[in-house]
**Q** 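Would you mind keeping the following structure in view while I ask a few things?
Order of the sequence lines sets the chain letters (A, B, ...), proteins ahead of strands, with each chain counted from 1.
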2 protein chains.
Amino acid sequence: MAAHDHASRTATVPDDGLDQRKAAILTAVVNEYISSAQPVGSQHVAGAPGVNVSSATVRAEMVALEGEGYLAQPHTSAGRIPTDKGYRFFVDHLTQPGTLDAARRRQVRDFFDHAHGEIEDMLERTSGLLADLTDCTAMVVGPAHGPAPVRSVQLVSLGSRVALAVVVLADGTVEKHPVEFPDDVPDTTLATAGQHLQGALRDHSLDSLPDAVGPTGDPQVDAVAAAGLEALRVVSGAGTGDQLYVGGPSRMAAAFDAVDTVRSVLTILEQQLVVVSLLRDVLDRGLSVAIGTEHGFEPLASCAIVVVPVSVEGGTSGTVGLLGPTRMNYPQALAAAQAVGEQLGARLGEVARS
Amino acid sequence: MAAHDHASRTATVPDDGLDQRKAAILTAVVNEYISSAQPVGSQHVAGAPGVNVSSATVRAEMVALEGEGYLAQPHTSAGRIPTDKGYRFFVDHLTQPGTLDAARRRQVRDFFDHAHGEIEDMLERTSGLLADLTDCTAMVVGPAHGPAPVRSVQLVSLGSRVALAVVVLADGTVEKHPVEFPDDVPDTTLATAGQHLQGALRDHSLDSLPDAVGPTGDPQVDAVAAAGLEALRVVSGAGTGDQLYVGGPSRMAAAFDAVDTVRSVLTILEQQLVVVSLLRDVLDRGLSVAIGTEHGFEPLASCAIVVVPVSVEGGTSGTVGLLGPTRMNYPQALAAAQAVGEQLGARLGEVARS
DNA sequence: TGTTGGCACTCGAGTCTACCGAGTGCTGCC
DNA sequence: GGCAGCACTCGGTAGACTCGAGTGCCAACA
């Protein structure tokens with residue numbers, strides 16, 4: 001109780017803070033538990049740098065930390081493990097911005113130096129990179145191309161009554177959707193309608209498509225153009241810009257030893273929509289790390305999520321995320337996600353700007 | 001030994017065969033083991049349909065089957081489990097072509113009735129369907145569009161020195177690749193070069209691109225066109241046609257209880273190239289089922305693979321496959337894969353033909 | 001001669017016990 | 001307030017034991 005009083009009344013940092021020694025102890029417990037996955041005993045902590053007191057004192061402090069909810073004991077006579085609140089404090093106050101080690105920094109640089117080809121490929125490979133860097137499952141959400149202006153619209157005939165509406169956006173993405181016609185459409189009509197659409201839509205964004213394109217005088221062309229516009233509207237609604245790329249889901253199998261946990265986490269990861277909205281949710285709440293139940297998504301209660309927005313040209317679009325057990329290496333994960341997110345944004349910006 | 005002589009000398013089916021009773025016993029063991037995942041004892045088998053003998057007789061036959069390599073015993077005083085050879089015989093001789101049950105058949109029909117939109121989406125969702133049908137991990141390899149003729153080529157400007165080469169193929173797929181130029185290229189030059197390429201390449205396939213397109217008289221246009229052609233060559237080489245879609249990898253976590261096995265299998269599944277060539281390998285060897293070590297790929301020794309080629313318009317391109325534990329439900333898996341493969345082929349054919 | 005009931009045997013799985021030791025909470029001394 | 005000392009707790013491991021499903025063998029039988 002003395003310890004408790006000390007913490008709540010005379011702590012160095014008044015309110016949500018812990019005095020320096022408690023902080024050092026919490027840090028030691030978190031670090032040790034992250035690397036060993038075993039409950040941490042007072043002896044180990046006493047030997048840690050920054051904690052120059054005996055194990056007995058550490059024990060007393062640990063009792064206090066447990067009372068305040070930062071640590072938990074799986075059972076009496078076991079060491080302590082951090083609670084979600086403990087991790088939260090660690091992430092918020094005990095870990096400096098942190099940078100990647102040299103090897104990883106080079107790996108990121110090399111990757112983006114050699115990144116080329118289609119944007120989708122690059123996002124996919126980026127998720128692999130991030131998984132490699134952190135040993136967590138990585139999630140990359142492609143930039144929503146809402147604001148990207150249309151560069152080209154084309155109707156390509158695939159058959160007498162089927163065409164493909166192909167639209168190229170300024171960010172280098174290509175969207176397409178099949179269009180079916182009730183009657184045969186001659187190639188010339190298709191081409192004319194395509195050009196008409198292109199003229200009308202160029203530099204619009206998919207988010208702000210006009211309700212209709214002006215008449216051309218030829219009713220058949222108008223009909224075809226209207227059908228094409230409809231297809232583009234579908235594309236814009238489907239929002240393939242929110243495409244999710246998951247890298248290294250197998251890492252989740254290494255993170256847990258209960259096969260049930262693994263299965264349920266993998267099941268979640270298969271649901272793009274769920275994952276994307278989960279990431280958005282976390283970001284919307286202004287967090288970059290969601291630990292345990294903080295994201296309010298029960299099935300991932302034993303996981304932590306790291307999210308970093310990708311900003312392209314000032315605006316933010318796209319997300320880079322990491323999923324791992326709550327005892328993940330937060331500093332490293334954050335640093336890696338930030339580095340990759342930054343580089344990715346720069347790279348995407350290049351394409352858009354060039 | 002009497003039993004053994006009986007089997008090897010006087011069996012009804014002379015060579016690779018088993019007499020009817022042994023076959024019935026093997027069938028019972030396989031079926032029981034598939035559904036229970038527990039070693040099967042002689043009593044259970046004696047009660048199975050088609051086996052009207054006592055457990056003692058079953059035991060004698062089991063000894064023979066074990067001697068011939070169809071069954072194995074995890075340890076003395078445990079029941080028998082089928083060996084890879086046992087599964088093989090079961091698949092080859094003891095299971096009739098088999099059809100899907102009504103509910104699943106309807107599920108497949110409904111799916112393809114409502115399948116629409118982009119081909120990639122459909123393939124992705126098809127893998128999900130197949131996983132749902134079989135409770136295995138499904139693999140769908142997109143049709144290589146080697147033979148599909150080019151319907152449209154376009155160079156779209158993304159910046160003064162960057163364009164996107166976009167090619168639409170008759171099968172409804174769209175490929176693209178960025179093209180960079182050493183100098184600024186005016187839009188008109190780009191458009192002219194694009195049209196020139198389109199004229200020269202239309203109805204070629206990506207597999208048989210010409211070495212060069214004829215000169216236009218304008219050297220800058222020629223240079224741009226050559227760069228565009230080069231980009232298309234990259235696209236053709238990259239062969240996104242062999243794109244792999246993996247559905248329901250989480251099912252592998254339910255199939256094994258060793259988390260290590262799960263992890264290594266998932267790691268394999270993340271390597272597109274490995275999986276695609278594995279499937280191709282199995283098909284090339286004329287198999288539709290590869291059990292255990294038959295595929296010669298060590299890390300998947302405890303898995304079985306079911307492969308069905310997808311034939312579009314007579315020719316075969318694309319593959320659907322299933323990955324599960326060796327004790328998977330082969331008849332159902334085969335039936336589902338065949339049904340889905342067939343429907344998928346028909347659907348892809350429709351697009352190509354229409 | 002093939003089939004069967006009977007029987008002794010095997011061995012994994014589960015239960016119980018004892019023990020070890022890492023770790024705790026407490027207490028009294030400095 | 002910090003610390004050494006100490007009794008205590010309790011999970012994990014190892015060994016003894018039991019249980020029972022399942023086996024292999026054998027003698028009897030149709």
Side-chain angles (χ1 to χ4, degrees), chain A residues 1-12 18-22 24-25 28-29 32-33 36-48 50-68 70-82 257-258, chain B residues 1-12 18-22 24-25 28-29 32-33 36-48 50-68 70-82 257-258:
Chain A
M1 41 202 130
H4 187 276
D5 284 351
H6 171 77
S8 54
R9 305 250 170 81
T10 68
T12 315
L18 296 173
D19 68 51
Q20 215 162 4
R21 195 167 66 190
K22 282 214 184 68
I25 290 174
V29 171
E32 178 69 19
Y33 186 64
S36 76
Q38 298 292 329
V40 183
S42 53
Q43 299 235 39
H44 290 135
V45 173
V51 185
N52 294 315
V53 289
S54 75
S55 64
T57 310
V58 170
R59 281 201 291 281
E61 295 287 49
M62 278 173 146
V63 170
L65 282 168
E66 185 172 355
E68 296 167 47
Y70 294 100
L71 293 179
Q73 230 175 345
H75 55 85
T76 337
S77 92
R80 299 314 207 283
I81 60 177
D257 43 7
Chain B
M1 39 197 129
H4 188 275
D5 284 350
H6 169 77
S8 54
R9 305 252 170 81
T10 67
T12 316
L18 296 174
D19 69 49
Q20 216 161 2
R21 196 168 64 190
K22 283 213 183 69
I25 291 173
V29 171
E32 178 69 19
Y33 186 63
S36 76
Q38 298 294 328
V40 183
S42 53
Q43 299 234 40
H44 290 135
V45 173
V51 185
N52 295 315
V53 289
S54 75
S55 66
T57 310
V58 170
R59 280 202 291 279
E61 294 285 50
M62 278 174 147
V63 170
L65 282 168
E66 185 172 355
E68 295 168 49
Y70 294 99
L71 293 179
Q73 231 176 344
H75 55 84
T76 336
S77 92
R80 299 316 207 282
I81 61 177
D257 43 7

**Q** Can you confirm whether A/Ser42 sits close enough to A/Met62 that some side-chain heavy atom of one is under 4.5 Å from a side-chain heavy atom of the other?
**A**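 In short, these two side chains touch, coming nearer than 4.5 Å.
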**Q** Pick out the pairs of N or O atoms, protein on one side and nucleotides 5-9 of chain D on the other, that lie under 3.5 Å.
**A**
residue	atom	partner	partner atom	Å
D/dG5	O6	A/Arg59	NH2	3.2
D/dT9	O2	A/Ser77	OG	3.1

**Q** For A/Gln43 and B/Ser54, take the nucleotide of DNA chain C holding the closest heavy atom to each; which residue's nucleotide lies nearer the 5' end?
**A**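 Mapping each residue to its closest nucleotide by heavy atoms, the 5'-most match is B/Ser54.
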**Q** Mind calculating the distance between CE (A/Met62) and P (D/dC3) to the nearest angstrom?
**A**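 In whole Å, D/dC3 P and A/Met62 CE are 15 Å from each other.
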**Q** Please report the distance, rounded to the nearest Å, between NE2 in B/His75 and C1' in D/dG22.
**A**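 For the pair B/His75 NE2 and D/dG22 C1', the rounded distance is 9 Å.
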**Q** So B/Pro82 and B/Tyr70, do their side chains get closer than 4.5 Å, heavy atoms only?
**A**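 Answer no - side chains too far apart.
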**Q** Which nucleotide in the set D/dG24, C/dT24, C/dT3 lies at the smallest distance from any side-chain heavy atom of B/Arg80?
**A**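 Closest nucleotide to the B/Arg80 side chain: D/dG24.
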**Q** Of A/Val58, A/Ile25, A/Val29, which is the lone residue that meets side chain to side chain contact (heavy atoms under 4.5 Å, CB included) with A/Leu65?
**A**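 Result for side chain to side chain contact (heavy atoms under 4.5 Å, CB included) with A/Leu65: A/Ile25.
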**Q** Quick one: salt bridge (charged side-chain N to carboxylate O under 4.0 Å, His left out) partners of A/Arg21, sequence neighbours excluded?
**A**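 If we apply the salt bridge (charged side-chain N to carboxylate O under 4.0 Å, His left out) test to A/Arg21, skipping adjacent residues, the hits are A/Glu61.
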**Q** Would you say that A/Glu68 contacts A/Lys22 through its side chain, given a criterion of any heavy-atom pair below 4.5 Å between the two side chains?
**A**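 A/Glu68 reaches A/Lys22 side chain to side chain.
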**Q** Could you tell me whether B/Ser42 contacts a base, only the sugar-phosphate backbone, or nothing, with contacts defined as non-hydrogen atoms closer than 4.0 Å?
**A**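 The answer is sugar-phosphate, as B/Ser42 gets under 4.0 Å only of primed atoms, P, OP1 or OP2.
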**Q** Whole-Å distance between C/dT4 P and B/Glu61 CD?
**A**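 Going from CD in B/Glu61 over to P in C/dT4 covers 11 Å.
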**Q** Less than 4.5 Å apart, side chain to side chain, heavy atoms only: is that true for A/Leu71 and A/Ile81?
**A**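 Sidechains of A/Ile81 and A/Leu71: no contact.
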**Q** How many whole angstroms separate atom CD1 of B/Ile81 from atom P of D/dG22?
**A**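 Taking CD1 of B/Ile81 and P of D/dG22, I get 14 Å after rounding.
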